[in-house]
Amino acid sequence: MNMIDFESKIREIKRKDLLRFTKNFSNMDSPRAELDGKEILIFGSNDYLGLANDERLKVAAINEVYNDTIGSTGSRLTSGSRTVFSELERVISEVKGTEASLIFNSGYMANLGVISAICDREFEVFSDKYNHASIVDGIILSRAKIIRYKHCCMDSLEKRLKISNSKKKLIVTDGVFSMDGDIAPLRDIRFLSKKYNAMVMVDDAHGFGVLGKCGSGTCSYLGINDGIDIQIGTLSKAVGCVGGYASGSRQMIEYLKNISRSFVFSTSLPPSMIRASIESINIIKTESERQQKLMMLADYMREKLINLGMDFGQSTITPIIPIMIGDENKAVSISKRLMDEYKIYMPAIRVPTVPKGKARLRASLTANHNIEDIDYVINSIADIWGSEIV
Ligand code: PMP
């Protein structure tokens, strides 16, 4: 039991000033919540469309709880399947324009399960340097060779594809990058995939619900559904629920259903969560004003940051706006002052989530924010910026 000295490991994390804490919010109602009895303005949730506390989703979930079990009682291949799962899979496929879809318990499990089912030792996987951790973990689990290319850099990707001798190649990228709010050049990626005979997988966790017609995501926003072999997404961000999915050809989905270990060997989600997800996607399809407002707010915030002379990297269109600070301690200090003095929650993001020296505040918006909220956060940042940074 003494093989690992957890105390000294924690001391080491503390010494690097990287110890993390969970915060217990209550009365969460985007963009406001309570923390330690005080009302906080949230600029750090993934509830992009403000649906996580929507009454219609709650009613759908509660009705399902009374119609069905709380827990699903098994994996999808045993007692844990219901027609509501197939219904959601149909709804997702319809929105995304794919032949079929498969629900996983989270986006993380989808990436892990899909990559490890499709790739093996003979594969070379070309992965954007800023891809989400679950993609990297999926590649490691698959035992494929990981080849990382420079973030969104097609020269870097092509150079690596050109010298590859492997017959089995997969290019994998986030659609919208979670810490940068920029969009992968999917059109160019698809071009290179054809030129070098590689499969393409897009993790659209942050694009689904936010971009494209009916919230269908980054691929359709860029007009390139064809030629993308695998689309991954999550129900935990714009959809406001929990869960993940993979979409693609009917045959691939059939294969994943049989082989993907995170699908086969885990109890499926509660039916109530699946019902609420269907309700949410139907709302997203019909209330496009949520997307439009979100984009308007994000553009407004980017404009204000330009006026302040602040760097938000390549963030564009999306509700993820990084405010680049660089130094880890400074980023933490500003985030703490926003919370302590202005009651704003905007997390500081540091290593290992982003590269060392690229610490930032990650602002994320919801359609329930308003212009006054943005003005308030911008003025607060300006106050702190003036007193601390200069
Ligand atoms: N992919 C990306 C790009 C993500 O940002 C996240 C969550 N932060 C995930 C996958 C995992 O999704 P989930 O939270 O549903 O597990």
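For reference, positions follow the sequence shown, starting with 1. Each ligand, and each atom within it, is numbered from 1 in the order the structure gives. Everything numeric here is computed off the predicted structure, so don't read it as measured data.
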message: Could you tell me, atom by atom, which parts of ligand 1 come under 4.0 Å of a heavy atom of Asp174?
response: 3 (C)
- line: With heavy atoms and a 4.0 Å threshold, my read on which part of Lys237 contacts ligand 1 is side chain
message: Test your reading of the model: is there a side-chain donor-acceptor pair from Asp128 to the backbone of Cys152, 3.5 Å cut-off?
response: yes
query: Roughly how far, to the nearest 0.5 Å, is the OG atom of Ser127 from the CD1 atom of Ile115?
result: 7.5 Å
- line: Nearest heavy-atom contact between Tyr48 and Leu365 is CD2-O, 3.5 Å
statement: of all protein heavy atoms, closest to atom 1 (N) of ligand 1 is Asp203 OD2, 2.5 Å
- prompt: Would you say Asp54's side chain and Arg56's backbone share a donor-acceptor pair under 3.5 angstrom?
  reply: yes
task: Give the numbers and elements of all ligand 1 atoms closer than 4.0 Å to a heavy atom of Ser134.
output: 10 (C)
- request: Distance to 0.1 Å, residue and atom name: give those for the protein heavy atom nearest to atom 5 (O) of ligand 1.
  value: His206 NE2, 2.6 Å
message: For atom 9 (C) of ligand 1, what's the nearest protein heavy-atom neighbour? Residue, atom name and distance, please.
response: His132 CE1, 3.4 Å
field: Proximal ligand 1 atoms for Ser178, defined as those under 4.0 Å from one of its heavy atoms
entry: 5 (O)
field: Short N-O contact, Glu287 and Arg290, less than 4.0 angstrom
entry: yes
message: Can you report which non-hydrogen protein atom sits closest to atom 16 (O) of ligand 1, along with the distance?
response: Tyr108 N, 2.9 Å
message: Please list the nearest protein heavy atom to atom 12 (O) of ligand 1 with its residue and the distance rounded to 0.1 Å.
response: Gly107 CA, 3.4 Å
- prompt: Does atom CG of Asn197 have more than 12 heavy-atom neighbours, drawn from other residues, nucleotides or ligands, at distances under 6.0 Å?
  reply: no
field: Nearest heavy atoms of Ala331 and Leu361, plus distance in Å
entry: O-CD2, 3.6 Å
query: Short list, please: which atoms of ligand 1 are under 4.0 Å from a heavy atom of Ser236?
result: 13 (P), 14 (O), 15 (O)
